[in-house]
Amino acid sequence: MDSFVSEPRPASYETLSNNVLKRERRARERQVREEEKKKVTTNKIPENQRQQVANDDTMDPTQFLSNRIKSLALLKESGVNPYPHKFDISMSITEFIDKYRSLHVGEHVENTEISLAGRILNKRSSSSKLYFYDLHGNGAKIQVMADARHSDMDENEFCKYHSGVKRGDIVGICGFPGKSQRGELSIFPRSLVVLTPCLHMLPRHAITSNSDEAQSKKTRNHSWTPGITRNPGTYILRDQETRYRQRYLDLMLNSEVQKIFRTRAKIISYSRDFLDNLGFIEVETPAMTMTVGGAAARPFITHHNELDMKLYMRISPELYLKKLVVGGLDRVYEIGKVFRNEGMNLTHLPEFTMFEFYMAYADYNDLMDIIEKLLSGMVKELTGSHKIKYHGNGFDSEPVEIDFTPPFRRIDLIEELESRANLSIPKDLSSETANKFLLEACEKFDVKCPAPHTTTRLLDKLVGHFLEETCINPTFIINHPEIMSPLAKWHRSKPGLTERFELFVNKRELCNAYTELNDPQVQRQRFAEQLKDRQLGDDEAMVLDESFCSCLEYGLPPTAGLGMGIDRLAMLLTDSPNVKEVILFPAMKPQD
């Protein structure tokens, strides 16, 4: 073995020279750092300017606004336009980070000219010749290290100009990339110009205790991604009313909020790409209709002045989409707004986004397979796992884990309801006997059902009490009674039931789907049965749509269709227990 041990070789002249050069370079770097420290300590900001910085943080917001308006007026009087028309950028902040993140600590690329633009959300300085800014844009952030030595201005101009730059201002920067001695990627400006001044004082992160400060630092170092929990209590702007009414401030100050809406956009893009790859085409159908159809809901009513007629905001695009299948478009889908004049709560607003698709020569079994693949694939793609964490009961409670691993659980509606409630429900659900039985069952189990006490409403309340509460992981509730499903096709082997399913996640309905009823005579009969419920006072029961029945007479092929709420899906993947968290401009009560 000794023969394989190499003898130590004397260092070559080249190696010794390289070592000397390295030591000299390190010595020069230390000298530069010491000089910079001396400049920071000796070139203090003049007292009046330091007082101005302090005043910006403590000034009354009204006075801040007044001061900024006056300063802009002075600029305009001197012939300076404080709102330039154009600023050419050579790359985005994201592209800058991707291109220069590999620079070494202290390395500068001074022979490269870069132009960036963004909004300043933090400003700090301890020297009249050195200012630091946090520049934000398109969900990314870099440091701006404005050093008078690199500026096109002389020192007095530099100090005066930068003392007038405020948090919230949108600026354009021309400079070179580099990393600070602390290793932070930065742009070093040769010129910096305010493109749009922010007239209002921006909120700062409120820290009231050591624990708040520790949590704040933890949050800044923690980058939220879809599928994991959030903590809005650590946001800079926390007041919900302000966040929802002034969403632009929410997006500006709380970087996590931008990620929420980017995730929502990815949900829609993934759904669209998934169906496009299956040969579907995207279509658009009317948002105002002459009749109400496609769902059981109360509509919004408007008026068409030119035609002098009442119109309804659509509650569903369903009937139009099935007409397209009759016309020969075998696979169609639409992503759009629907409007239901109903209550507002944490998971539902009257205006929401619906994703609906219809597929000829398919049934509800096919759609269960398709939606399993779509959702499980989407969750895996966006989160990296099939399991997500969700604060279903609010941020003050412990999050639940929801597992989207296929196959999803399936339960039969009537069978499971009878089993869990120990009931024997009458087979003829259209009878008075069945209605009386279900009303007594609701009273027995203290299940509240406001009038009118139609069989459909009573069944729906019992299902909500006994079945939906068990659906944390994705669960298909299948085979609804005909009386609850006027547009679904009768079950091929279970009389009185339909080939329908609802997908529930975390106790909330996410999807509704069925094998489509395509017999025009049976469809008219179902509409007539709905009319009885309307006469009993159920204004959400469907009305007869004769144009749709006439369309069915031309022949709707065997078809299956599904509707899914985009808002609720976005809530799940962004850990948002309030639907207003995932809607950019949610409906709000007017302020006094």
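We're numbering straight along the sequence, starting at 1. Only a predicted model underlies this, so the values are computations on that prediction, with no experimental measurement involved.
The backbone N or O of R409 lies less than 3.5 Å from no partner atom in the side chain of T475, so there is not a single donor-acceptor pair. A distance-only check finds a donor-acceptor pair linking the side chain of Q258 to the backbone of L251 [under 3.5 Å]. Formation of a donor-acceptor pair under 3.5 Å by the N473 side chain with backbone atoms of D403 is found in this model. In this structure, S485 contributes its side chain and P481 its backbone to a donor-acceptor pair below 3.5 Å. Panel note: side chain T263, backbone K259; a donor-acceptor pair is recorded below 3.5 Å. No side-chain donor-acceptor contact under 3.5 Å links K389 to the backbone of T229. The backbone N or O of E342 sits nowhere less than 3.5 Å from a side-chain atom of R298 that would complete a donor-acceptor pair. No donor-acceptor pair closer than 3.5 Å links the side chain of R331 to the backbone N or O of M359. No side-chain donor-acceptor contact under 3.5 Å links D460 to the backbone of T456. Checked by atom type and distance alone, the side chain of R508 never pairs as donor or acceptor with a backbone atom of T347 at under 3.5 Å.
For CD of E284, the number of neighbouring non-hydrogen atoms (other residues, nucleotides, ligands) closer than 6.0 Å is 12 at most. In this structure, K99 places its NZ atom where only 12 or fewer heavy-atom neighbours from other residues, nucleotides or ligands lie under 6.0 Å away. No more than 12 heavy atoms of other residues, nucleotides or ligands shown are found within 6.0 angstrom of CE on M288. Within 6.0 Å of atom CZ in R182, 12 or fewer heavy atoms from other residues, nucleotides or ligands are found, so the atom counts as exposed in its surroundings. The neighbour count for K494 NZ, taken as heavy atoms of other residues, nucleotides or ligands under 6.0 Å away, is above 12. For D396, the CG atom is loosely surrounded, since the number of other residues' heavy atoms within 6.0 Å does not exceed 12.
Between I89 and A117, the shortest heavy-atom distance links the atoms CG2-CB, 3.7 Å. Taking both residues in full, the closest heavy atoms of L462 and A441 are given as CD1-CB, 4.2 Å, listed atom of the first, atom of the second, then distance. Shortest non-hydrogen contact noted between F96 and M91 is CA-SD, 3.5 Å. Taking both residues in full, the closest heavy atoms of T383 and V379 are given as OG1-O, 2.6 Å, listed atom of the first, atom of the second, then distance. Taking all atoms of both residues into account, the shortest heavy-atom contact from V338 to P317 is CG1-CD, 3.9 Å. When all heavy atoms are compared, the tightest approach of P406 to E372 is CB-OE1, 4.3 Å.
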Is there a side chain to side chain contact (heavy atoms under 4.5 Å, CB included) between H480 and Y514? Walk through the geometry before answering. CA-CA 10 Å; H480 296 56; Y514 33 82; over 6 Å; no
Residue pair V505, L569: steps toward the side chain to side chain contact (heavy atoms under 4.5 Å, CB included) verdict: CA-CA 9 Å; V505 182; L569 181 56; over 6 Å; no
Please walk me through it: do E416 and F466 pass side chain to side chain contact (heavy atoms under 4.5 Å, CB included)? CA-CA 9 Å; E416 191 75 10; F466 286 103; over 6 Å; no
Under the salt bridge (Lys or Arg N to Asp or Glu O under 4.0 Å) rule, what do E509 and R568 come out as? Steps first, then yes or no, please. CA-CA 9 Å; E509 177 193 342; R568 285 187 178 175; 5.2 Å; no
Please step through side-chain hydrogen bond (donor to acceptor under 3.5 Å, both in side chains) for the pair R264 and S576, ending with a clear verdict. CA-CA 12 Å; R264 180 189 170 104; S576 301; over 6 Å; no
Please step through salt bridge (Lys or Arg N to Asp or Glu O under 4.0 Å) for the pair R247 and D250, ending with a clear verdict. CA-CA 5 Å; R247 182 67 85 183; D250 191 26; 2.7 Å; yes
Between L503 and L562, does a side chain to side chain contact (heavy atoms under 4.5 Å, CB included) hold up when you go through it step by step? CA-CA 10 Å; L503 177 62; L562 177 143; over 6 Å; no
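Figure legend: cation-pi geometry between K323 and Y320, with NZ or CZ positioned under 6.0 Å from the six-membered ring centre and within 45° of its axis.
In summary, the side chains of T574 and E581 do not present any donor paired with an acceptor at a separation below 3.5 Å, with no hydrogens or angles considered. Judged purely by distance below 3.5 Å, without hydrogens or angles, the side chains of T285 and R314 pair a donor atom with an acceptor atom.
Just one residue in the list K489, R492, R500 forms a salt bridge (Lys or Arg N to Asp or Glu O under 4.0 Å) with D363, and that residue is R492. The side-chain contact (heavy atoms from CB on, under 4.5 Å) test with Y133 is passed by exactly one of L192, V171, L121: L192.
Contact of the D575 side chain with the I228 side chain is not registered, since no non-hydrogen atoms from C-beta on lie closer than 4.5 Å. In this structure, the side chains of I583 and F352 stay at 4.5 Å or more apart for every pair of heavy atoms. The side-chain heavy atoms of N479 and Y364, taken from C-beta on, include a pair separated by under 4.5 Å. Side-chain contact between D98 and T94: present, with at least one pair of heavy atoms (C-beta onward) separated by less than 4.5 Å. Using a 4.5 Å heavy-atom threshold, the side chains of P232 and E256 count as separate. With a 4.5 Å cut-off on side-chain heavy atoms, R167 and R204 count as touching. I477 places a side-chain heavy atom less than 4.5 Å from the side chain of C471. Counting heavy atoms from C-beta on, the side chains of I187 and V144 come closer than 4.5 Å.
Rounding to the nearest 0.5 Å places CG of D169 at 11.5 Å from CG of L135.
Taking the six-membered ring where the residue is Trp, F355 and F357 present tilted rings, their angle falling between 30° and 60°. A tilted orientation is assigned to the rings of H108 and F176, their planes being inclined by 30° to 60°.
Ion pairing between K448 and D446 holds under the 4.0 Å rule for side-chain N and carboxylate O. The residues E318 and K322 are annotated as salt-bridged, a charged nitrogen and a carboxylate oxygen being separated by less than 4.0 angstrom. Taking the charged nitrogens against the carboxylate oxygens, R410 and D369 do have a contact shorter than 4.0 Å, which makes a salt bridge. Remark: E469 does not engage R420 in a salt bridge, criterion side-chain N to carboxylate O under 4.0 Å. Classification of E468 and K507 as a salt-bridged pair fails, no side-chain N sitting under 4.0 Å from a carboxylate O.
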